[in-house]
Amino acid sequence: MTGRVVAVIGASSGIGLATAIAFAGRGEHLVLVSRSAEALESAEAACRVAGAGAVDTVAEDIADPAAAGRIVARVLDRHGRIDVVVHTATVMGYGTIEAMPADVFTAVVDTAVHGTLHLARAVLPVLRRQHAGAFIGVNSLLGSVTVPQMGAYAVAKWGQRAVLRTLQQETRDEPGVHVCVVSPGSINTPVYYQAANYSGRAARPPWPVLAPERVAAAIVRLADRPRRHVSVPVGPGNPLIIAGFRLLPRIYDRLVGPLFRLAALTRTRVRPTPGTVHQPVPGRERVHGHWPSPSPEQVVPMQQPARTIDGSRRSS
């Protein structure tokens, strides 16, 4: 084999699928992991078309404590080594901390925090034995700030960032092993309309929105030349938001609620839903999102047709 062995966790949708396709275009040998075997079939086909050297799929939920060990064993059994692991798996939830059911909140946190923990504990001993390899975790702007109605996701990403940063410190004794963090802002993926939602309004990615291929390109560059931390830029937004949160907390807290409602929630009313937090919906998994797009069963009937963002009319 001339290509690297790359495992992508959360490879069936959004940033994970875009990343898998980007590595495939370089002829790498891929192991694609997702909760949905059906969605992995489409991901595998896309990666083969893109030019992957080999493609294996593993249907596992990384929030399961035993899943990471099975994933790593599968990779080693098939390829004998692991060069790059990219952890993109995430689930999202909207709604206040009071409104969101505890099981949904816990599942959002588990996927990011415990999923990263389980994966790192299974992968890093292999990378240490090899004296080489990269573990790349996809975090978020919300790993550095908090936003009302996204408390579960913020807790998940703050916790995940703490795990990844600690791992960076604890692997300094092995120069060939790299733990990297990618922190995108608003990305055009399906996660927004797959999310649990207890806010009463359909969600959308706040402007400015970056293509998932841009994040995938940053991940591939990190695999080539690992760095301690990368924040994928979305114009000047991320640094300004983080600076406001840290340096001007009173102003930030006054503005963040109204701005979030304006930028991230639509006027379309939706019923409460756990989204795909507990179970995937394979038919909705793809690289890109489309907005606004609450599922038909979520939309609350209204007396008058509701107008969507793009000007079309949704029937009641």
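Atom set for the values below is all heavy atoms of this structure, side chains included, hydrogens, waters and symmetry mates excluded. Source: prediction; values computed, not measured.
- The aromatic rings of Tyr252 and Phe245 sit perpendicular, their planes meeting at an angle over 60°, well past the 30° parallel limit.
- At distances below 3.5 Å, at least one donor-acceptor pair connects side-chain atoms of Arg48 with backbone N or O atoms of Val55.
- In this structure, Ile21 belongs to a hydrophobic cluster whose other members, linked by side-chain heavy atoms under 4.5 Å apart, are Leu17, Val287.
- Applying the side-chain contact (heavy atoms from CB on, under 4.5 Å) test to Ala39 and every residue at least two apart in sequence or in another chain returns Ser12, Ser36, Pro282, Glu285.
- The closest donor-acceptor contact from the side chain of Ser144 to the backbone of Ile242 lies at 3.5 Å or more, if one exists at all.
- Residue pairs meeting the salt bridge (Lys or Arg N to Asp or Glu O under 4.0 Å) criterion with at least one member in residues 144-170, sequence neighbours excluded, do not occur.
- A distance-only check finds a donor-acceptor pair linking the side chain of Thr96 to the backbone of Ala99 [under 3.5 Å].
- The backbone N or O of Ala223 sits less than 3.5 Å from a side-chain atom of Arg4, completing a donor-acceptor pair.
- Applying side chain to side chain contact (heavy atoms under 4.5 Å, CB included) to Met150 and the options Val155, Val145, Leu142 leaves one that passes, Leu142.
- In this structure a side-chain-to-backbone donor-acceptor pair under 3.5 Å is present from Gln130 to Ala132.
- Comment: Asp77 does not engage Arg70 in a salt bridge, judged by the lack of any side-chain N to carboxylate O separation of less than 4.0 angstrom.
- Between Arg35 and Asp64 there is no salt bridge, since no side-chain nitrogen of the basic residue lies less than 4.0 Å from a carboxylate oxygen of the acidic one.
- Using a distance-only test at 3.5 Å, with no hydrogens or angles considered, a donor-acceptor pair links the side chain of Tyr193 to the main chain of Arg284.
- Of all heavy-atom pairs spanning Gly143 and Asn139, the tightest one is CA-OD1, 3.4 Å.
- For the 3.5 Å distance criterion, the side chains of His114 and Gln160 fail to qualify, holding no donor opposite an acceptor.
- A donor-acceptor contact shorter than 3.5 Å links the side chain of Thr88 to the backbone of Gly10.
- In terms of modelled atom types and a separation under 3.5 Å, the side chain of Arg201 and the main chain of Thr266 share no donor-acceptor contact.
- In this structure, the side chain of Asp56 does not engage the main chain of Val31 through any donor-acceptor pair within 3.5 Å.
- Of the possible donor and acceptor atoms, none in the side chain of Trp158 sits under 3.5 Å from a partner among the backbone N and O of Tyr153.
- In summary, the side chains of His278 and Asp103 do present a donor paired with an acceptor at a separation below 3.5 Å, with no hydrogens or angles considered.
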